[in-house]
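One structure is given here, and the rest of the page talks about it.
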Amino acid sequence: MKRFSPLKSWAVRLAGRRGFRKAAVATARKIAVLMLTLWKNGTDYQWTKEATA
């Protein structure tokens with residue numbers, strides 16, 4: 001059994017509330033902000049912990 005990451009769970013809940021297209025754009029933006037933050041800090045993404053971006 002595969003687990004969802006907190007990011008995927010957030011995106012699925014958002015898609016249920018706002019629709020797939022808005023959720024896809026919001027998720028892409030959230031990932032971009034997360035990647036930029038990780039790049040600046042030089043840290044690794046911990047998929048088991050809720051990402052705060």
Worksheet entry | Single-linkage hydrophobic cluster Leu7~Leu38, side-chain heavy atoms < 4.5 angstrom | yes
Side chain to side chain contact (heavy atoms under 4.5 Å, CB included) involving [X] - partner list, sequence neighbours excluded:
X	value
Val12	Phe4, Lys8
Asp44	none
Arg18	Leu14, Lys22

Practice prompt. Under 4.5 Å between side-chain heavy atoms, chaining through other members, with only Ile, Leu, Val, Met, Phe, Trp and Tyr counted: pull out the rest of the cluster around Phe20, sorted by chain and number.
Written response: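 Members other than Phe20 - counting any ILVMFWY side chain reachable under 4.5 Å - there are none.
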Worksheet item: Going from CD1 on Ile31 to OG1 on Thr27, what distance comes out if it is rounded to the nearest 0.5 angstrom?
Response: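 So the gap between those two atoms works out to 6.5 Å.
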Discussion item. I need the Leu36 CG to Lys40 NZ distance, nearest 0.5 Å.
Written reply: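 Separation between the atoms: 4.5 Å.
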